[in-house]
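What follows is a short report on a single structure.
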Amino acid sequence: FLQPGSIVTGRVVLAKDNAAVIEPIKAEKKGVFQAIPSITMAIPVSRIEQSFVTSAKQKFKVGDIVIGLVEKVLPWGIDLTTEFPELGVIKAFCSQCRSPLQLNDRQLKCLQCNNIEYRKVSTHYFLK
């Protein structure tokens, strides 16, 4: 099962001020895929970036695909972190029209409706 140091890819199912709740898609550690328990996974606001973040809703939106590092495995849930550059959102969708967002410099732009959004983007972002 998952252990600290495992890498989880998942979908944001809820973004609140204090955390983003993640539905896991896959997990691995040192190239070996791991079983995913049916347990809540969250990225606490204090573990999103090394700099201060006031709300997880500023950095993640429902439907975003993220990569996180398992930091703590507790009886009631698993805490992830996205503090490192390679961790964070790897695919985001426009909050207005749900089209995939294109990464331009540090901002995400919707090519359908020209909406501009910001996330905690991974260096492995899908659409550059």
Measure the SG-CZ distance between Cys110 and Arg98 for me, rounded to the nearest 0.5 Å. 10.5 Å
For residues Ala19 and Pro44, report the shortest heavy-atom separation together with the two atoms involved. CB-CA, 4.0 Å
Any side-chain heavy atom of Leu2 within less than 4.5 Å of one from Val8? yes
Does Val53 reach the side chain of Gln58, with side-chain heavy atoms less than 4.5 Å apart? yes
Could I get the full list of side chain to side chain contact (heavy atoms under 4.5 Å, CB included) partners for Val73, not counting sequence neighbours? Pro4, Val70, Ile78
Salt bridge or not for Asp64 and Arg11, using N-O below 4.0 Å? no
Are Ile7 and Phe126 connected into the same hydrophobic cluster when the rule is that any two of I, L, V, M, F, W, Y join if their side-chain heavy atoms are below 4.5 Å apart? no
Approximate separation, where rounding is to 0.5 Å, of Ile48 CD1 and Leu87 CG: 12.5 Å
Can you tell me how far apart CZ (Arg119) and NZ (Lys61) are? Round to the nearest 0.5 Å. 6.0 Å
Return the CZ to OG distance between Phe60 and Ser55, rounded to the nearest 0.5 Å. 11.0 Å
Start with the C-alpha distance between Glu117 and Ser95, add both sets of side-chain angles, then the distance that settles side-chain hydrogen bond (donor to acceptor under 3.5 Å, both in side chains), and finish with yes or no. CA-CA 8 Å; Glu117 300 189 21; Ser95 60; 2.7 Å; yes
Just to verify, what does Glu83 make a side chain to side chain contact (heavy atoms under 4.5 Å, CB included) with, not counting sequence neighbours? Arg47, Gln50, Thr81
Evaluate the criterion side-chain hydrogen bond (donor to acceptor under 3.5 Å, both in side chains) for residue pair Thr123 and Glu86; output intermediate values, then yes/no. CA-CA 5 Å; Thr123 54; Glu86 66 275 11; 5.3 Å; no
Residue set satisfying side chain to side chain contact (heavy atoms under 4.5 Å, CB included) with Ile36, at least two apart, ordered chain then number -> Pro24, Ala27, Met41
Nonpolar side-chain network containing Leu74, other nodes, edges under 4.5 Å: Trp76
Expected output: side-chain Lys120 to main-chain Thr82 donor-acceptor under 3.5 Å: yes
Not counting sequence neighbours, which residues clear side chain to side chain contact (heavy atoms under 4.5 Å, CB included) with Thr9? List them please. Lys26, Ile65, Ile67, Ile90
Determine, step by step, whether Val121 and Arg106 satisfy the side chain to side chain contact (heavy atoms under 4.5 Å, CB included) criterion, reporting the C-alpha distance in whole Å, the side-chain angles of both residues, the deciding distance to 0.1 Å, and the verdict. CA-CA 8 Å; Val121 177; Arg106 294 196 56 172; over 6 Å; no
Between Gln107 and Tyr118, does a side-chain hydrogen bond (donor to acceptor under 3.5 Å, both in side chains) hold up when you go through it step by step? CA-CA 5 Å; Gln107 64 186 8; Tyr118 297 91; 3.2 Å; yes
Side-chain hydrophobic cluster, 4.5 Å single linkage: members besides Val13: Leu14, Val21
Same cluster or not: Leu80 versus Leu69, using hydrophobic residues (I, L, V, M, F, W, Y) connected whenever any side-chain heavy atoms lie under 4.5 Å apart? no
Side-chain heavy atoms under 4.5 angstrom apart, residues restricted to Ile, Leu, Val, Met, Phe, Trp, Tyr: same cluster for Leu101 and Leu111? no
Any idea which heavy atoms bring Val89 and Lys59 closest together, and the distance? CG2-O, 4.1 Å
Reported CD1-to-CG distance for the pair Ile22 and Asp79, which is rounded to 0.5 angstrom: 11.0 Å
NZ-OG distance between Lys29 and Ser6, expressed to the nearest 0.5 angstrom: 5.5 Å
Is there a donor-acceptor pair closer than 3.5 Å between any side-chain N or O of Tyr125 and the backbone N or O of Ala92? yes
Measuring only between side-chain heavy atoms, which start at C-beta, is Cys94 closer than 4.5 Å to Cys113? yes
